[in-house]
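Just so you know, these numbers use all the heavy atoms, side chains as well, and skip hydrogens, waters and symmetry mates. Predicted, not measured: the structure shown is a model, and the values here were computed from it.
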Amino acid sequence: MKLRFPDLVTVTCEEVSFAFSGASGERNDVFCFLSRGDGESLSVSLRADRTPVRYIALRWNFTAEERREEPVRILGDHWERGYGDLAWRGIEPERVMPWYMLVSNGSDRDPDVSGRHTEGFGVRVRPRAMVSWQYDGEGATLWADVRSGGDGVILGGRTLCVCEVLFRDYEGMTAFEAGRLFCRDMCPDPRLPKHPVYGSNNWYYAYGNSSHDDIVSDTKIVAEQCAGLENIPYMVIDDGWQKHNTDAPWTETKPNFPDMKVLADEMRKMGVRPGIWVRYLVDGHREIPEAGDDWRLARDPSFLDPSHPAVLDYVKRITRMLVHDWGYELIKHDYSTFDLFGDWGLQMLRRGRVTKDGWHFYDRSKTSAEVVLDFYSAVREAAGDDCVIIGCNVIGHLCAGLYELNRTGDDTSGREWERTRKMGVNTLSHRLIQNGAFFMGDADCVGILGPVPWEKNRQWLDVLARTGSPLFVSCKPGILNAEQMAELKAAWAVNSVQKNSARPLDWMENQTPALWEIDGETVRYDWVLPCGVENFRP
């Protein structure tokens, strides 16, 4: 389908709605207008004064030539991480697909790509609205949520550049190749790391129970196994080093982490790059001394409101402490989408909106997307150019171009293989088109704790290592025998360069693809336990 002006635009305000066709429409102090810039995108803009505006909907009704008469499947994205539910599906008119959707015929298992046709509908990264799509047999609809939290934004006379809409057609190629090209079109300015990022993270065996000495022991494993590699690995200290697990204050540590700067220096001397986990916006124990009532979210005062300038200054101070004072070279920041909006992405998708009605940010003149972008930009600015940032529970379409890495799926596990199979394999396969286009996509760790059969973890380790995406491993010291440790060493060596070419072959039919093409070779993985899938436990 070629890009054109929509057949109908509907603007929903708090008290009234209005609709128009063509390039512009207005009512009272609200003016919405569309423009064709470079001919490849359609810009959507909004200007208003005191009227609170909530949504803008753009509807394209298919012409006879645009309607797909052959069977098609549709792939949508997620608001933040994937939850094992990313999938190519048939036409579901009520289905909400954040940020973009791909519509394709045929199957990527078929090597013959003649007659293949994939359409991309999306918006360029870092829009100023939370954008989603719907597709039905008669047309496509874009929804731009311009609310500030759960209430209409009050723009105060300024013009908001809502989003840039892209339509693309790809002929004679697989849907995977089309998806990668479309992601590159949506993100013309990715911020990729200066070197491949890989290594270790202590979460999936420690689960928050750790110490200075434990991290030194973890560091020894990855340093010894990666010794001699040109690219130095990372060792990421996850949650549990600070005074309260998953909570502030970040300036106070547990007794078993006496000096975080000394630890970072020690890790660096052992031959790794030190990384650290942080959750910026939480203050459940109310122990951030400078945090006044106006710093706190109206939705839940346990969390900070980054639309407040003082909160952004606080975020920058914590970031500078971690990076410039303590010496950590990677920041993994977590929970921010949940802390801002009160739900996980799975719940947002079921509801169709990112947050409930009835509350707004401190600065109501900014949309939710603008508040998120300002927050991400504050972390980026304070961290500096040499620090790698991994977003976890961040919004991929908003961090693209700002962060080097993004954790693209919900947690895998060192305890339950079923969780890794569902979350990890699904995320890796169905968001691999974003890897290297938006950022480097981290589908999460290989958790080596004991309960997960090595036969399954070996396969997960292998596919992560060879897809050209970041490989992080959580390995309990002493758990692997010599042969298994050699396999881990080999996987890290492969992933330290990340030059492999890989794609899932049966991803259009299988949510956890078993068939992969890696460096021109077809590889089959067996993800299912001998007893089958264990989601039903009488």
Side-chain angles (χ1 to χ4, degrees), residues 5-6 8-14 17-20 24-25 30-35 37 41-48 51-60 76-80 96-101 121-134 140-167 186-187 306-307 336-337 340-341 343 345 348-349 351-357 359-361 363-377 394-402 438:
F5 282 102
L8 183 68
V9 179
T10 304
V11 180
T12 302
C13 306
E14 296 228 328
S17 299
F18 67 94
F20 65 90
S24 65
V30 180
F31 179 47
C32 182
F33 57 99
L34 316 176
S35 61
S41 65
L42 180 70
S43 295
V44 182
S45 299
L46 175 71
R47 186 170 67 244
T51 298
V53 186
R54 297 171 60 81
Y55 301 99
I56 304 171
L58 281 64
R59 172 67 181 183
W60 289 266
D77 200 34
H78 232 298
W79 287 116
E80 40 107 359
V96 174
M97 292 171 279
W99 311 117
Y100 66 84
M101 59 184 180
F121 301 78
V123 293
R124 283 219 166 96
V125 298
R126 304 191 301 280
R128 269 55 183 175
M130 309 296 282
V131 178
S132 61
W133 294 86
Q134 290 178 298
T141 306
L142 176 152
W143 287 92
D145 182 346
V146 295
R147 295 177 300 164
S148 177
D151 291 332
V153 68
I154 300 176
L155 292 175
R158 73 183 177 99
T159 298
L160 177 72
C161 297
V162 177
C163 60
E164 287 185 74
V165 182
L166 304 179
F167 289 0
M186 288 186 286
C187 184
S307 75
S336 64
T337 306
L340 282 168
F341 300 112
D343 275 328
M348 295 174 180
L349 209 57
R351 186 175 53 239
R353 302 187 303 265
V354 294
T355 193
K356 298 174 183 176
D357 292 339
W359 68 278
H360 57 263
F361 286 107
D363 185 350
R364 194 176 173 181
S365 73
K366 292 184 176 179
T367 67
S368 296
E370 289 182 296
V371 172
V372 171
L373 284 167
D374 287 347
F375 167 53
Y376 293 173
S377 298
V394 303
I395 297 170
H397 223 75
L398 297 183
C399 79
L402 294 173
F438 287 178

Let me confirm one number: the [atom1]-[atom2] distance from [X] to [Y], rounded to the nearest 0.5 Å.
X: Ser132; Y: Leu349; atom1: OG; atom2: CG; value: 9.0 Å
X: Ile395; Y: Met348; atom1: CD1; atom2: CE; value: 6.5 Å
X: Cys161; Y: Arg124; atom1: SG; atom2: CZ; value: 13.0 Å
X: Cys32; Y: Phe20; atom1: SG; atom2: CZ; value: 4.0 Å
X: Thr10; Y: Tyr55; atom1: OG1; atom2: OH; value: 14.0 Å
X: Met97; Y: Trp133; atom1: CE; atom2: CH2; value: 10.0 Å

Identify, with sequence neighbours excluded, every residue that meets side-chain contact (heavy atoms from CB on, under 4.5 Å) alongside [X].
X: Asp363; answer: Ser307, Ser365, Lys366
X: Pro6; answer: Val9, Leu34, Leu42, Leu58, Trp60
X: Ala369; answer: Met130, Thr367, Leu398
X: Ala48; answer: Val30, Val53, Leu155

Checking [X] now: which residues fulfil side chain to side chain donor-acceptor pair (under 3.5 Å) with it, not counting sequence neighbours?
X: Gln134; value: Trp143
X: His360; value: Asp151
X: Ser45; value: none

Point to revise | Atom of Pro127, atom of Trp99 and distance for their closest heavy-atom approach | key: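 Heavy atoms of Pro127 and Trp99 come nearest at CG-CZ3, 3.7 Å.
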Point to revise | Counterpart residues, ring pair (Phe, Tyr, Trp, His ring centres under 6.0 Å), relative to Tyr100 (two or more places apart) | key: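 By the ring pair (Phe, Tyr, Trp, His ring centres under 6.0 Å) rule, Tyr100 matches no residue at all.
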Point to revise | Results of ring pair (Phe, Tyr, Trp, His ring centres under 6.0 Å) for Phe5 - residues two or more places apart only | key: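 Partners of Phe5 by the ring pair (Phe, Tyr, Trp, His ring centres under 6.0 Å) criterion come out as none, since no residue qualifies.
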Contacts of [X] that satisfy salt bridge (Lys or Arg N to Asp or Glu O under 4.0 Å) - sequence neighbours left out:
X: Arg351; value: Asp343
X: Arg128; value: none
X: Arg353; value: none

Exercise for review: Under the side-chain contact (heavy atoms from CB on, under 4.5 Å) rule, what do Leu340 and Phe361 come out as? Steps first, then yes or no, please.
Suggested key: CA-CA 9 Å; Leu340 282 168; Phe361 286 107; 3.9 Å; yes
Check your understanding: Quick one: which of Arg364, Arg147, Arg158 gives a salt bridge (Lys or Arg N to Asp or Glu O under 4.0 Å) with Glu370?
Key ->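 Single salt bridge (Lys or Arg N to Asp or Glu O under 4.0 Å) partner of Glu370 among Arg364, Arg147, Arg158: Arg158.
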Point to revise | Verdict with supporting geometry, His397 and Val123, side-chain contact (heavy atoms from CB on, under 4.5 Å) | key: CA-CA 9 Å; His397 223 75; Val123 293; 3.9 Å; yes
Check your understanding: Counting N and O atoms only, with roles assigned by atom type, does the side chain of Glu14 sit under 3.5 Å from a partner on the main chain of Pro52, one being a donor and the other an acceptor?
Key ->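 Between the backbone of Pro52 and the side chain of Glu14 there is no qualifying donor-acceptor contact (under 3.5 Å).
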